[in-house]
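Worksheet: the structure to be examined is printed underneath.
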Amino acid sequence: MSTPIPNSIIIPVTVDDTTDPWNLLVNGNRSSNQTDVGNNSLKQTLEWNLQLAAGQTGSFNPINETETSGFSWTCTPKPGANIFSGYSEPSTQNGTQIQVNDLASGASAKGTWTYKLRATVNGNPCETNPPSARGQEGDPKIHNK
């Protein structure tokens, strides 16, 4: 795991391999998937860390504009660069981190922004709240206060 950087929020992501398809769980479960970010004049970095269990290998998918992107916004409208910036490709040698800069400063940055994460673990495609998860909690959220 990386060393936290100043003004960073570390968000654990685990794999639920008891479902079909496998799910990614933000903050360890489906119901506590909101990350609160305070209004701050300093850039804050959100860092998702894929925490693999013993015997699991995998990484976040590359960040791109396809349906399999490692990180994508699911909210409408999508937040602009004045709120979030600097998406990074999955980092570290094994692709287990994604970082986004949160520029949550001022009234225009306030709101709740939903997103989706995707990874491949042990050859299985995994994502937060896959389409087959009807009736389950929605996509994870970033709540800029």
*asked:* Do L24 and V15 have side chains that approach each other closer than 4.5 Å (heavy atoms only, starting at C-beta)?
replied: yes
_Audit row: N49, Q97, side chain to side chain donor-acceptor pair (under 3.5 Å) steps and yes/no_ = CA-CA 5 Å; N49 284 315; Q97 296 173 340; 3.1 Å; yes
Task: Residue pair D139 / W113, side-chain heavy-atom distance below 4.5 Å - done: no
message = If we ignore hydrogens and angles and just use 3.5 Å, is the side chain of D16 paired with the main-chain N or O of T18 as donor and acceptor?
response = yes
Residue set satisfying side-chain contact (heavy atoms from CB on, under 4.5 Å) with P125, at least two apart, ordered chain then number -> none
dist T14:OG1 -> N23:CG (nearest 0.5 Å) comes out at 10.0 Å
Residue set satisfying side chain to side chain donor-acceptor pair (under 3.5 Å) with S72, at least two apart, ordered chain then number -> R118
When rounded to the nearest 0.5 Å, the distance separating OG of S8 from CG of D102 is 12.0 Å
| Side-chain touch N7/T45, heavy atoms, less than 4.5 angstrom | no
task = Measure up the F71 and Y115 rings against each other and bin them: parallel (under 30°), tilted (30 to 60°), perpendicular (over 60°).
result = parallel
Close side-chain approach of L46 and F84, heavy atoms under 4.5 Å = yes
Across all chains, not counting sequence neighbours, the side chain to side chain donor-acceptor pair (under 3.5 Å) partners of T120 are N61
Tell me, do I11 and N27 make a side-chain contact under 4.5 Å, heavy atoms counted? yes
Residue set satisfying side chain to side chain donor-acceptor pair (under 3.5 Å) with S59, at least two apart, ordered chain then number -> none
Side-chain contact, heavy-atom cut-off 4.5 Å: T57 with V121?
no
>> Any side-chain to backbone donor/acceptor pair from Q44 onto G38? Under 3.5 Å, distance only.
In response: yes
### Task
Please lay out, stage by stage, how N101 and Q99 fare under the test side chain to side chain donor-acceptor pair (under 3.5 Å).
CA-CA 7 Å; N101 294 319; Q99 293 181 347; over 6 Å; no
Those residues at least two apart in sequence (or on a different chain) that pass salt bridge (Lys or Arg N to Asp or Glu O under 4.0 Å) with D17 are none
Sequence neighbours excluded, the answer for side chain to side chain donor-acceptor pair (under 3.5 Å) partners of T76 is none
Measure the shortest side-chain to side-chain distance between L103 and N82 over non-hydrogen atoms and say whether it is less than 4.5 angstrom. no
Would you find a donor on one side and an acceptor on the other, under 3.5 Å apart, between the side chain of T114 and the backbone of K141? no
Ring pair (Phe, Tyr, Trp, His ring centres under 6.0 Å) filter on F60, not counting sequence neighbours, yields none
- Query: Is T96 close to W48 at the side-chain level, that is, under 4.5 Å between some pair of heavy atoms?
  - Reply: no
In this structure, CD of E67 is separated from CD of E127 (nearest 0.5 Å) by 10.0 Å
Residues at least two apart in sequence or cross-chain that pass side-chain contact (heavy atoms from CB on, under 4.5 Å) with T66, listed by chain then number, are N64, T68
Which of V13, N33, V26 passes side chain to side chain contact (heavy atoms under 4.5 Å, CB included) with T128? Answer is V26
d(I142 CD1, I83 CD1) to nearest 0.5 Å is 10.5 Å
Across all chains, not counting sequence neighbours, the salt bridge (Lys or Arg N to Asp or Glu O under 4.0 Å) partners of K145 are D36
